[in-house]
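A quick write-up on the structure given underneath.
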Amino acid sequence: MHYLVKYLEKLLKMKEEKGWDYLYFMVDIHNTVIKPTYDKSDNFVYFPYAKEVMQILTNRSDVKLIMWTSTYPEVIEQYRNVFKASGIEFDYVNENPEMDDDYIRCFIEKFYYDIGFDDKFGFDAETDWKEI
């Protein structure tokens with residue numbers, strides 16, 4: 001079983017045990033959800049199963065999706081619109097304003113998320129979406 005599937009199962013169990021309302025998924029876009037073009041003409045070719053998994057996550061009431069991207073701000077809204085037309089909605093972009101600092105955590109420079117999908121984290125978009 002893939003390490004991400006094991007971790008997701010662990011997170012779902014922890015969520016239930018601790019009574020958390022949400023799980024926060026940080027999702028990179030390029031080379032994770034859509035195939036990069038390496039130019040300004042993103043054509044939104046999804047990796048296998050990426051679109052379907054992202055639609056499932058969007059429809060879960062206990063999941064918050066955070067778009068993790070270094071895309072220019074003027075293009076982010078275009079991305080959000082294309083994703084929305086595909087049934088994928090992100091709650092936030094590069095932030096999680098729902099989590100407050102407390103006596104052990106400070107989110108000034110790093111926002112909170114439970115799991116991250118990013119090619120730079122070792123996520124293999126060609127195979128990992130199917131496992132998830």
Side-chain angles (χ1 to χ4, degrees):
M1 183 183 304
H2 193 278
Y3 74 94
L4 279 173
V5 174
K6 285 184 183 179
Y7 188 66
L8 280 169
E9 289 173 350
K10 178 182 174 181
L11 278 176
L12 288 167
K13 185 177 179 185
M14 287 174 59
K15 179 189 165 302
E16 199 64 35
E17 289 172 353
K18 297 182 182 265
W20 297 340
D21 293 328
Y22 305 106
L23 290 176
Y24 297 91
F25 286 65
M26 183 200 67
V27 184
D28 179 45
I29 301 305
H30 296 98
N31 218 26
T32 303
V33 177
I34 60 173
K35 296 180 180 187
T37 58
Y38 300 105
D39 61 27
K40 292 184 177 184
S41 63
D42 278 325
N43 56 7
F44 279 83
V45 175
Y46 289 91
F47 282 98
Y49 300 98
K51 182 177 178 180
E52 294 82 359
V53 172
M54 292 298 294
Q55 289 168 335
I56 290 167
L57 293 174
T58 293
N59 290 320
R60 287 188 62 122
S61 62
D62 62 346
V63 167
K64 297 279 184 157
L65 290 175
I66 302 167
M67 182 188 298
W68 175 248
T69 184
S70 56
T71 303
Y72 284 100
E74 59 270 14
V75 180
I76 289 173
E77 201 57 36
Q78 293 171 11
Y79 283 180
R80 290 183 86 153
N81 291 335
V82 172
F83 284 121
K84 187 174 184 174
S86 293
I88 300 167
E89 294 194 52
F90 287 90
D91 297 284
Y92 304 110
V93 177
N94 295 334
E95 68 172 348
N96 181 353
E98 295 186 18
M99 300 302 286
D100 295 322
D101 297 345
D102 61 21
Y103 67 99
I104 60 170
R105 301 178 300 186
C106 175
F107 299 115
I108 292 171
E109 293 187 22
K110 178 187 172 194
F111 65 83
Y112 179 85
Y113 61 91
D114 293 298
I115 190 167
F117 298 157
D118 188 326
D119 59 304
K120 294 183 180 59
F121 294 172
F123 188 86
D124 184 346
E126 290 289 348
T127 60
D128 290 351
W129 287 113
K130 184 175 182 179
E131 288 291 318
I132 293 168

### Query
What heavy-atom pair brings Phe123 and Ile132 nearest, and what distance separates the two atoms?
CE1-CD1, 3.6 Å
### Task
Rounded to the nearest 0.5 Å, what's the gap from CG on Leu65 to CG on Asp91? Could you check?
6.0 Å
### Query
How many angstroms lie between NZ in Lys84 and OG1 in Thr58, if you round to the nearest 0.5 Å?
11.0 Å
### Full working for side chain to side chain contact (heavy atoms under 4.5 Å, CB included) between Val82 and Gln78
CA-CA 6 Å; Val82 172; Gln78 293 171 11; 5.6 Å; no
### Query
Do other residues, nucleotides or ligands put more than 12 heavy atoms under 6.0 Å from the OH atom of Tyr49?
no
#### Entry: From Lys10 atom NZ to Glu17 atom CD, the distance as rounded to the nearest 0.5 Å
10.5 Å
### Task
Answer yes or no: is there a side-chain heavy-atom contact under 4.5 Å between Lys130 and Pro48?
no
### Message
Determine whether a donor-acceptor pair (N or O, by modelled atom type, separation under 3.5 Å) exists between the side chain of Asn96 and the backbone of Tyr112.
### Response
yes
### Non-neighbouring partners of Arg80 that pass side chain to side chain donor-acceptor pair (under 3.5 Å), sequence neighbours left out
none
### Task
Run the numbers on Tyr46 and Ser86 for side-chain hydrogen bond (donor to acceptor under 3.5 Å, both in side chains), then give the verdict.
CA-CA 11 Å; Tyr46 289 91; Ser86 293; 3.3 Å; yes
### Message
Please find the pair of heavy atoms, one from Ser61 and one from Tyr22, that lie closest to each other, and give the distance.
### Response
O-CE2, 3.4 Å
### Task
Looking only at non-hydrogen atoms, find the nearest pair between Ile88 and Met54 and report the distance.
CD1-CB, 3.6 Å
### Message
According to a hydrophobic-cluster definition based on side-chain heavy atoms being under 4.5 Å apart (Ile, Leu, Val, Met, Phe, Trp, Tyr only), do Val45 and Trp129 belong together?
### Response
no
### Query
Can you check whether Asp28's main-chain N or O pairs, donor with acceptor, with Asp118's side chain at less than 3.5 Å?
no
### Separation between CD of Glu89 and CD of Gln55, rounded to the nearest 0.5 Å
11.0 Å
### Query
Which word best sums up how the rings of Phe90 and Phe83 line up, parallel for under 30°, tilted for 30 to 60°, or perpendicular for over 60°?
perpendicular
### Partners passing side chain to side chain donor-acceptor pair (under 3.5 Å) against Lys64 (at least two apart in sequence or in another chain)
Glu98
### Query
Same cluster or not: are Leu4 and Ile56 linked, directly or through other Ile, Leu, Val, Met, Phe, Trp or Tyr residues, by side-chain heavy atoms under 4.5 angstrom apart?
no
### Cluster check Leu57, Trp20: I/L/V/M/F/W/Y, side chain < 4.5 angstrom
yes
### Task
Decide yes or no on side chain to side chain contact (heavy atoms under 4.5 Å, CB included) for Phe47 and Lys35, but give the supporting numbers first.
CA-CA 6 Å; Phe47 282 98; Lys35 296 180 180 187; 3.6 Å; yes
### Message
Are Thr32 and Phe121 packed together at the side-chain level, in the sense that at least one heavy-atom pair is separated by less than 4.5 angstrom?
### Response
no
### Query
Is any side-chain heavy atom of Asp119 less than 4.5 Å from a side-chain heavy atom of Asp124?
no
### Message
I'd like to know if the side chain of Thr71 and the backbone of Ile76 have a donor-acceptor N/O pair within less than 3.5 Å.
### Response
no
### Query
Taking everything shown except Glu16 itself, do over 12 heavy atoms lie less than 6.0 Å from its CD?
no
### Message
One pair to check against side chain to side chain contact (heavy atoms under 4.5 Å, CB included): Ile29 and Met67. What are the steps and the verdict?
### Response
CA-CA 7 Å; Ile29 301 305; Met67 182 188 298; 3.6 Å; yes
### Task
Given side chain to side chain contact (heavy atoms under 4.5 Å, CB included), test Tyr7 with Val5 step by step and report yes or no.
CA-CA 5 Å; Tyr7 188 66; Val5 174; over 6 Å; no
### Query
Is the ring centre of Phe111 less than 6.0 Å from the ring centre of Trp68?
yes
### Task
Calculate, to the nearest 0.5 Å, the distance between atoms CD1 and CG belonging to Ile66 and Asn94 respectively.
9.5 Å
#### Entry: Criterion salt bridge (charged side-chain N to carboxylate O under 4.0 Å, His left out) on Asp62 and Lys15, from CA distance to verdict
CA-CA 9 Å; Asp62 62 346; Lys15 179 189 165 302; 3.7 Å; yes
